[in-house]
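Reading through the structure tokens given below for one structure.
Treat the numbers as computed from the prediction; the structure is a model and nothing was measured. In what follows, every heavy atom counts, from backbone to side chain, and hydrogens, waters and symmetry copies are set aside.
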Amino acid sequence: MVQKIVKATLVILIVGVIALVGFRALNMRDQRTTGQRMGDAVDAVSDGVDNAGRQLKNRTPGEKLGDAVKDVGDDIKEKSAP
């Protein structure tokens, strides 16, 4: 009985630590310098002005991931349209 409680508590703690680390990783500040942002924006111009503009903003990895998912969805929608 005690072993089940200890295992359950351990599992809850591990899941909590993983969730906390994931949350912190997705909400980190953008560490790029202004020059690096400008360089990334210049590189992204070929993908469109929208993507180049995004590179200039101070965005978290979570925001960047959300934009990437949206872009993939838009690409799929565009390619599957008749």
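Annotation: side chain of R29 is in contact with side chain of Q31 (closest heavy-atom distance under 4.5 Å).
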Atom pairs and distances, donor-acceptor, side-chain atoms in residues 63-76, under 3.5 Å, two or more places apart:
from : atom 1 : to  : atom 2 : distance (Å)
E63  : OE1    : T60 : N      : 2.9
D67  : OD2    : R59 : NH1    : 2.2
K70  : NZ     : D74 : OD2    : 3.0
D71  : OD1    : R54 : NH1    : 3.3
D71  : OD1    : R54 : NH2    : 3.2
D71  : OD2    : R54 : NH1    : 2.8

Side-chain donor-acceptor contacts of residues 8-27 below 3.5 Å, not counting sequence neighbours, with atom names and distances?
from : atom 1 : to  : atom 2 : distance (Å)
T9   : OG1    : I5  : O      : 2.7
N27  : ND2    : F23 : O      : 3.0

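With hydrogens and angles disregarded, no donor-acceptor distance shorter than 3.5 Å links the side chain of Q55 to the backbone of A52.
In this structure, V6 shares a hydrophobic cluster with V2, the cluster being traced through Ile, Leu, Val, Met, Phe, Trp and Tyr side chains under 4.5 angstrom apart.
Applying the salt bridge (charged side-chain N to carboxylate O under 4.0 Å, His left out) criterion to D40, with sequence neighbours excluded, gives R32. Partners of D43 according to the side-chain contact (heavy atoms from CB on, under 4.5 Å) rule, which considers only residues two or more places apart in sequence or in another chain, do not exist here. Taking N58 as the reference, D30, R37 meet the side-chain contact (heavy atoms from CB on, under 4.5 Å) condition, with sequence neighbours excluded.
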